[in-house]
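Computed from a prediction, not measured in an experiment: that's the story for all the values here. FYI, side chains are in, hydrogens and waters are out, and symmetry mates aren't considered; it's all heavy atoms of this structure. Here is the naming used below: chain letters follow the sequence lines, and residue numbers restart at 1 for every chain.
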Amino acid sequence: MKKRLAGIGLAAILALSTAIVGCSSQPAATTAPKQEPSSQAAAAPAASGNTGEKVLTFASGSDIVSFDIHDHNNTSTEAVHVNMFNYLVRKDKDQKIQPDLATSWEIVNDKTWRFKLREGVSFHNGDPFTAEDVKFTLERVATDQKLLEYGNYKQIKEVKIVDPHTVDIITNETEPVLLNRLSRLGSSMLPSKYIKEKGWEEFLKNPVGTGPYKFEKWERDDRLTLVKNDYYFGDKPKWDKLVFRSIPEDATRVAELLTGGVDIAVNIPPSDMERIESNEGTHAVTGPTQRVMQLSLRLTPGTVTENPKVREAIDLAVDEKAIVDSILGGGGTPTRTRVTAGNFGADPGLYNQSLYDPERAKQLLAEAGYPNGIDITFSATSGRYLKDKETAELIQAMLAEVGIRAKLDLMEWSKFNETYKAKKFGELFMIAYANSMFDASLAFDRLSTERAKGESDYSNGEVDALLKEAEKNMNLEERAKQYVKVQEIIAEERPQIYMYQMNANYGVSDRIDFAPRLDEMLFADEVTLK
Amino acid sequence: MRQYLLKSLLQVIPVLFLISVIVFVLVYCTGDPVSLMLSDTATDEDRRILIAALGLDQPLHVQYFTFIGHLLQGDFGNSFRYDMPALPIVLERLPATFELAFAAMLVATVISFPLGILSATKRNSFLDILFSGSSVLGKAMPHFWLGIMLILLFAVELKALPVSGRGSWEHLILPAFTLGTGIAAEMTRLIRSSMLEILNQDYIRTARSKGLLESIVVYKHALRNSMIPVVTIMALQTSTLIGGTLITETIFSWPGMGQLIIQAVNTRDMAIVQAAVFVVAFLVIISNLLADLLYSVLDPRITYN
């Protein structure tokens with residue numbers, strides 16, 4: 001009797017466990033019906049599959065966040081999305097604006113841009129692409145305050161449909177960077193009819209775009225599979241299938257590349273680059289990015305860094321070239337501006353420059369009234385950026401050499417970010433900023449008196465005026481000059497000390513040709529099979 | 001027995017309640033999800049809007065009661081990261097984690113039983129010393145180190161097994177060994193000591209004196225009776241297994257609950273963390289209950305009346 005009861009109990013628990021598994025093994029939210037088993041996908045060698053189909057496999061450190069193109073601010077997610085969706089205009093390999101879903105555009109007046117849309121374009125589900133889709137897409141992100149990209153699109157007041165293939169985009173203010181805005185994250189055109197009929201949740205499960213590759217299957221934190229869109233409006237897609245794998249551990253990602261499991265692995269640690277290069281069948285590729293590592297200083301009255309000579313001493317104490325060479329394996333370019341080459345308004349005179357001069361730094365400290373040195377707090381991230389901890393420790397040592405005793409406060413990213421957003425750092429903190437707008441306006445966003453309040457407390461009336469004028473200046477030549485002037489002032493007054501432009505490291509199979517882009521997007525059709 | 005089962009299941013309720021309080025408070029004390037969600041260009045106003053939209057401007061106790069209210073309806077809230085209900089996302093990962101955990105337990109069982117029994121029956125022999133030494137080594141090797149070493153040897157050098165991912169049974173071998181080795185080490189030592197204790201009992205001497213074959217004495221009389229502590233340890237390993245999957249799944253890019261938890265913690269995705277902790281707690285409770293029931297099967301003297 002007891003044994004029977006025990007048996008029933010056991011059976012009940014097993015049934016309960018099975019029920020849990022059963023509930024969870026319903027078709028995954030992101031899985032399209034009638035898909036091949038994952039084992040087949042996993043077994044397919046990179047570059048060309050067993051069946052002769054051309055498969056390109058990427059590996060990155062994290063999975064895509066979502067298919068909600070407006071509700072993420074993640075470069076690596078966008079790097080995947082660009083293969084499924086199209087913008088109205090896109091940046092080519094040289095970051096020049098080119099037509100995409102819009103074939104031409106003109107400025108109607110200060111606040112109105114007219115775009116002529118490409119005709120005969122269909123979404124992956126067959127719906128035609130029309131002006132309705134542009135209105136739906138841009139007005140969603142420009143009005144829904146909950147969306148993460150809202151801040152970058154709230155400048156758009158409305159989208160007026162002129163005819164089914166013409167739209168007017170009306171902005172709140174004069175908007176010289178509208179084309180930059182529309183060729184980046186958040187501007188992918190969405191299928192309005194499909195979303196209105198099926199609902200947003202269905203779109204997130206089975207996303208539909210106009211791009212050269214269409215959604216097949218997403219196994220979260222494992223792989224996203226896209227297949228070619230035979231009806232793509234542009235050049236015929238080069239690959240039959242794209243696989244984007246998520247492999248968080250660096251050593252595993254490198255091992256997958258070395259064994260031919262993936263064709264392109266991103267975010268390779270500098271220490272593994274030589275190994276990939278020397279391995280038969282793979283090579284290492286590095287390229288500049290939009291990210292600049294910098295030191296932010298506090299100019300709040302009462303702080304030692306309020307003194308411009310102290311700020312200059314900090315700048316002169318840091319040997320950017322040594323950091324790039326010794327820690328990053330040469331993967332970076334010293335810079336004295338955040339507006340690096342390839343961005344609108346860049347000042348080439350400040351790029352690839354370093355002012356390292358420790359002797360002068362000591363003199364400056366003495367001139368500032370601190371012959372015995374100073375004590376400051378230096379906050380930095382640990383594990384957020386490539387070799388950030390090591391970089392911060394080296395900077396601490398460099399500062400110590402000239403008499404600046406920096407108390408290094410290394411923080412895990414979420415803690416750092418919390419302090420950063422609360423503007424609670426001390427005299428110095430280290431952070432890297434990207435610039436998805438490819439425009440100087442974003443680079444100096446935090447240096448206007450209003451935005452700098454509480455953070456750096458930097459205030460310069462001339463900078464404020466120049467930034468305000470440049471923001472709305474439709475005379476691009478004059479606008480570029482205004483930003484160059486701002487860069488000169490910032491380089492002189494140093495509320496921020498720019499150190500180096502960061503490179504992105506890739507491991508690549510010898511079977512393919514791959515050239516990294518400045519914006520770090522992974523356009524599969526820019527990758528060719530040798 | 002029925003009463004015992006009912007009582008055990010009722011005890012789950014206060015445990016889960018306590019867990020809800022602990023998890024809620026811990027998650028809120030350790031970070032601010034809004035900072036992680038906003039872009040670098042976000043203004044203070046953007047921040048205020050997002051906080052209000054997520055209901056994070058409410059007092060902590062109000063947020064907790066809202067959370068509990070939803071919880072009672074089986075709603076753990078939406079994941080910030082995925083913008084979808086959290087529980088289905090966690091449950092979606094369970095099969096992968098179960099697959100890995102069962103494979104690891106199988107590896108542990110296959111390794112530990114022969115080694116433990118041999119160590120006990122050949123006490124103080126060379127084999128016993130070798131196996132005991134290996135157990136210490138197996139327990140001492142951290143998962144992340146062992147996993148990477150196995151990848152380098154079997155996948156990169158020998159090219160015998162796939163490096164990472166989930167798919168065929170071959171993908172399962174390296175992560176299962178990585179996760180199973182530590183458990184095997186612990187179980188080997190336990191089986192050895194448990195067997196040694198039983199082998200010194202009078203009834204074993206009686207069995208031997210009856211002229212029974214040594215294999216029957218060991219496998220029929222001794223092994224079954226030494227299983228009670230082993231079953232206890234196996235049940236307790238559920239939490240160890242789940243803990244181990246956090247690292248093993250990350251190393252091998254195994255799309256299970258462990259990897260999900262790590263990412264949820266890193267991004268302060270509270271809904272996912274809470275749902276995952278509840279699921280893990282439930283699994284641990286169930287496995288312990290299962291162990292209790294197994295005792296009475298293994299030893300008929302144990303009753304629950």
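- Contact detail for A:S62 and A:S246: the closest heavy-atom pair is C-OG, 3.8 Å.
- One distance of note links CZ of A:R140 with CD of A:E149; it measures 11.5 Å at 0.5 Å rounding.
- Identified under the salt bridge (charged side-chain N to carboxylate O under 4.0 Å, His left out) test for residues 49-58 of chain B, with sequence neighbours left out: none.
- Interface residue A:A255: backbone and side-chain heavy atoms are both found under 4.5 Å from chain B.
- Residues of residues 250-259 of chain B lying under 4.5 angstrom from chain A, judged on non-hydrogen atoms, are B:T250, B:I251, B:S253, B:P255, B:Q259 in numerical order.
- With a 4.5 angstrom heavy-atom cutoff, A:D71 touches chain B only via side-chain atoms.
- Using a 30° and 60° split on the angle between ring planes, A:H70 and A:Y153 fall in the tilted class, from 30° to 60°.
- For B:E170, no part lies near chain A; criterion is any non-hydrogen pair under 4.5 Å.
- Only the side chain of B:L152 comes within contact range of chain A, judged by heavy atoms closer than 4.5 Å.
- Ring orientation note: the planes of A:F416 and A:F425 are tilted relative to one another, at an angle of 30° to 60°.
- Interface remark: A:R253 contributes no atoms to any contact with chain B (heavy atom separation under 4.5 Å).
- A:K453 pairs by the salt bridge (Lys or Arg N to Asp or Glu O under 4.0 Å) definition with nothing, not counting sequence neighbours.
- B:A101 meets the side chain to side chain contact (heavy atoms under 4.5 Å, CB included) test with B:L241; sequence neighbours excluded.
- Within 6.0 Å of CD in A:E202 there are more than 12 heavy atoms belonging to other residues, nucleotides or ligands.
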